[in-house]
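Below is one structure, written out as structure tokens; comments come after it.
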Amino acid sequence: MEKLIYLLWKDDRRSRAEFSQRLHADLAPQLNSTEALGVQINVVDEAIRPAEHMLIENSKPRYYAMVSLWLETAISRQGIEELLWSVATRVTGYL
């Protein structure tokens, strides 16, 4: 089993709430219907605003979501990456 982590950047024209809604309502069900053995989505949305001053930022612009996936093999990630690109303006992945 392999764990993949993706950072996602939102379109600056979208609010945090819109981006979060799209990830939870659209992306999450789609990812759950893939070969992923597990999916976790963490979003920088209004819920974290009280602790936002504690975010560690090493790069600008800030990413607004982190998606963690567990797959039998990273070789089968192409369809998943297409889904991620459908909701984000920038996607960076790590194995």
Side-chain angles (χ1 to χ4, degrees):
M1 182 181 317
E2 295 178 311
K3 180 178 182 181
L4 289 85
I5 299 173
Y6 293 93
L7 304 179
L8 280 61
W9 283 259
K10 70 177 187 63
D11 185 330
D12 289 336
R13 295 170 292 186
R14 290 191 183 271
S15 69
R16 290 179 183 192
E18 290 173 316
F19 188 59
S20 178
Q21 174 65 23
R22 187 152 186 221
L23 294 179
H24 288 101
D26 299 335
L27 182 64
Q30 291 175 330
L31 290 176
N32 283 326
S33 68
T34 66
E35 297 176 23
L37 303 172
V39 176
Q40 179 177 333
I41 300 176
N42 298 87
V43 184
V44 178
D45 59 10
E46 296 306 314
I48 67 102
R49 193 164 300 272
E52 189 166 17
H53 66 281
M54 296 188 301
L55 289 174
I56 298 171
E57 294 184 66
N58 293 326
S59 64
K60 299 279 183 177
R62 172 195 293 171
Y63 64 89
Y64 279 87
M66 181 171 63
V67 178
S68 300
L69 300 144
W70 291 262
L71 302 172
E72 285 295 336
T73 175
I75 294 170
S76 62
R77 72 187 186 278
Q78 182 178 354
I80 288 169
E81 289 180 352
E82 289 170 4
L83 291 173
L84 297 175
W85 277 104
S86 74
V87 298
T89 58
R90 179 177 167 196
V91 176
T92 303
Y94 304 90
L95 175 64

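The figures here come from the full heavy-atom set of this structure, side chains too, leaving out hydrogens, waters and symmetry mates.
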* **side-chain contact (heavy atoms from CB on, under 4.5 Å) partner of V39, the single match among T34, I80, N32** => N32
* Structure fact -> Sorted by chain and residue number, the side chain to side chain donor-acceptor pair (under 3.5 Å) partners of Y64 (sequence neighbours excluded) come out as none
* To do: Search all heavy atoms of L71 against all heavy atoms of A36 and return the closest pair with its distance.
  => CD2-CA, 3.5 Å
* Asked: Going hydrophobic residue to hydrophobic residue with side-chain gaps under 4.5 angstrom, can you get from W85 over to L8?
  -> yes
* Out of curiosity, does V91 fall in the hydrophobic cluster containing L95 (side-chain heavy atoms, cut-off under 4.5 Å, transitive links)? -> yes
* Rounded to the nearest 0.5 Å, what separation is found between the CD1 atom of I5 and the CD atom of Q40? -> 9.0 Å
* Structure fact -> Between R22 and S86, the two heavy atoms sitting closest are NH2-O, 2.9 Å
* Structure fact -> Interatomic distance, CD@Q21 vs CG@L27, rounded to 0.5 Å, equals 12.0 Å
* Which heavy atom of S15 sits nearest a heavy atom of E18, and at what distance? -> N-OE1, 2.8 Å
* Test item: R14 side-chain N/O and D11 main-chain N/O as donor-acceptor pair under 3.5 Å -> no
* Asked: Any donor and acceptor pair, going by atom type alone, linking the side chain of W9 with main-chain N or O of R62 inside 3.5 Å?
  -> yes
* Rounded to the nearest 0.5 Å, what's the gap from CG on L4 to CG on L84? Could you check? => 9.5 Å
* To do: Give every residue pair that meets the salt bridge (Lys or Arg N to Asp or Glu O under 4.0 Å) criterion with at least one member in residues 64-75, sequence neighbours excluded.
  => none
* To do: Kindly indicate whether the side chain of D45, heavy atoms from C-beta on, has any atom under 4.5 Å from the side chain of F19.
  => no
* Asked: Taking C-beta and beyond as the side chain, do R90 and Y63 meet within less than 4.5 Å on heavy atoms?
  -> no
* **Note, E2 side chain near T73 side chain (heavy atom, < 4.5 Å)** => yes
* Around atom CD of E35, are there more than 12 heavy atoms of other residues, nucleotides or ligands at under 6.0 Å? -> no
* Between atom CG of D26 and atom CG of L83, what is the distance when rounded to the nearest 0.5 Å? -> 10.5 Å
